[in-house]
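Here's the structure, in structure tokens; my notes come after.
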Amino acid sequence: MADAHPQVKTTQDFAQQSPEYRTSIEKLVVSHAINELQGARVFDEPAVALAPHPYAKWLTCRVAMEEYGHHCKFFDLGRQIGIDEDRMLPEKTSKKPLNMFDFPLTTWEEFVAIKAFGDLAEILQVEDLLHCSFLPLRNLARSTMPEEKFHHDFGMQFGRELLKDPESKARFQAAVNRVFPVVPAFFGASRSKNNALFRELGIKLRTNEEMRADYVARAQAAAADLGLTLPELPPELLH
Amino acid sequence: MGQPMRDALGEAWFSTLGEPLGAGERADIAAYLQGLGLDASAAPRLATSWEEAGILLRGATGSWWESEEAERRRLEAAVHLDPADPDWIRLNDLLHGAAAVAAARCGNSDPGMTRVAAGAASYAAYHHELAVLAGCDEAHPFIRKYSLYAGGRWLLGVYDGRLAIF
């Protein structure tokens with residue numbers, strides 16, 4: 001379906017597109033702008049205080065700045081295509097950030113689990129925009145992807161450190177058990193009308209269900225790589 | 001963009017890593033430690049490689065980090081900076097670039113350490129901005145710390161009672 005809609009190469013061309021195309025792109029840009037900012041605020045920035053040593057603290061600080069930077073990129077694109085600034089700021093819009101940002105972060109192990117398994121979900125979401133028909137959004141996704149991968153690697157790297165000690169390994173497994181179940185909802189509702197329109201317009205490639213299933217498979221591979229298990233998910237989280 | 005942030009764009013970030021310390025830098029280190037209420041009597045430890053810095057950074061830091069955090073919180077009660085400010089993001093990207101150049105110059109290919117260096121400089125620049133906006137004078141420890149970073153250093157922390165610097 002991605003080739004069905006012609007490429008929209010510039011923000012000027014965007015203004016000439018159909019209302020449904022513009023609205024669809026706006027929804028995605030607003031969602032990314034809000035959620036990148038919320039994630040930096042509630043997970044990455046507070047995690048600096050939880051990190052065990054300066055190496056981890058300053059690396060977390062850099063990751064937080066990259067997340068804030070992603071917000072700025074989506075925010076800037078949003079302004080270029082005429083989105084009101086208030087719609088892209090969690091404190092000024094009625095649109096709620098994703099539920100996963102309600103997770104109460106209290107430990108370093110939880111943060112590592114969020115990077116390893118939460119940011120893996122972010123990779124899949126960005127992957128789905130890598131062939132988006134709106135090229136400024138496609139290119140933004142491509143430019144943030146290396147950092148998204150690094151953030152997942154951060155979780156895997158520090159996860160391996162936690163595995164070296166039986167007590168920290170047990171705390172990490174417990175954190176994964178708490179974090180993982182909140183992630184699948186990140187992919188949105190199954191049989192989503194929004195998603196169907198996104199695919200019809202060449203904005204996204206896959207259904208929410210396909211992405212969620214792929215995510216669970218990749219999360220299981222990541223957990224196996226770490227020697228951890230993932231908790232069983234209730235059926236309502238998978239469909 | 002505020003003046004401190006504008007000034008930060010032109011500093012010598014990471015340009016003198018591993019070089020011998022000068023008298024002015026030793027004075028900045030002593031004033032920084034004293035300003036945080038820490039013992040300044042021990043001679044600083046000079047790290048001479050990225051590998052050595054990386055090992056030090058994984059060590060226990062005692063009260064040093066918490067002393068900085070307490071001062072940060074005190075300043076944040078008076079002034080606020082938006083970490084999503086586009087100018088601030090631009091400065092952070094510049095810091096990451098400067099760290100990458102310095103690492104490449106020394107043959108260090110660890111992208112993690114490059115980001116750690118960028119994060120440290122970001123924290124130092126943030127502390128400096130807080131201190132300046134709060135009206136602190138030149139003797140403030142965050143301003144003395146920033147002077148070391150601006151001159152191309154990386155202050156690694158206090159380990160076993162000695163300040164380590166790269």
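To find a chain, count down the sequence lines: A is the first, B the second, and so on, and within it residues start at 1.
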Please tabulate, for side-chain N and O atoms in residues 155-166 of chain B, each donor-acceptor pair with protein atoms closer than 3.5 Å (sequence neighbours left out).
unit_1   : atom_1 : unit_2   : atom_2 : d
B/Tyr159 : OH     : B/Leu156 : O      : 2.7
B/Arg162 : NE     : B/Ala43  : O      : 3.0
B/Arg162 : NH2    : B/Pro44  : O      : 3.4

Counting only heavy atoms closer than 4.5 Å, note whether A/Phe150 contacts chain B via side chain, backbone, both or neither. side chain
In Å, rounded to the nearest 0.5 Å, how long is the span from NE2 of A/His71 to OG1 of A/Thr144? 14.0 Å
Give a yes or no on whether a salt bridge exists between A/Asp153 and A/Lys149, defined as a side-chain N under 4.0 angstrom from a carboxylate O. no
Pair count under 4.5 Å, heavy atoms only, with chain A: among B/Pro83, B/Ala60, B/Gly54, highest is B/Pro83
Where at least one partner belongs to residues 135-145 of chain B, residue pairs that pass side chain to side chain donor-acceptor pair (under 3.5 Å), sequence neighbours excluded: B/Asp28-B/Arg144, B/Glu68-B/Lys145, B/Glu71-B/His140, B/His127-B/Lys145
Distance-only donor-acceptor pairs under 3.5 Å for side chains of residues 159-166 of chain A, two or more places apart:
unit_1   : atom_1 : unit_2   : atom_2 : d
A/Arg160 : NH2    : A/Asp225 : OD2    : 2.9
A/Asp165 : OD2    : A/Glu167 : N      : 3.1
A/Asp165 : OD2    : A/Ser168 : N      : 2.9

Begin from the C-alpha positions of B/Tyr32 and B/Trp64 and carry the test ring-ring contact (aromatic ring centres under 6.0 Å, His included) through to its verdict. CA-CA 11 Å; B/Tyr32 164 74; B/Trp64 158 69; 7.6 Å; no
Report the option among B/Leu56, B/Thr114, B/Leu57 that has the most heavy-atom pairs separated by less than 4.5 Å from atoms of chain A. B/Leu57
Which residues, numbered in order, of residues 55-68 of chain A come under 4.5 angstrom of chain B by heavy-atom distance? A/Tyr55, A/Lys57, A/Trp58, A/Leu59, A/Cys61, A/Arg62, A/Met65, A/Glu66, A/Tyr68
Taking atom CG of B/Asp82 as the centre, does the number of heavy atoms from other residues, nucleotides or ligands within less than 6.0 Å exceed 12? yes
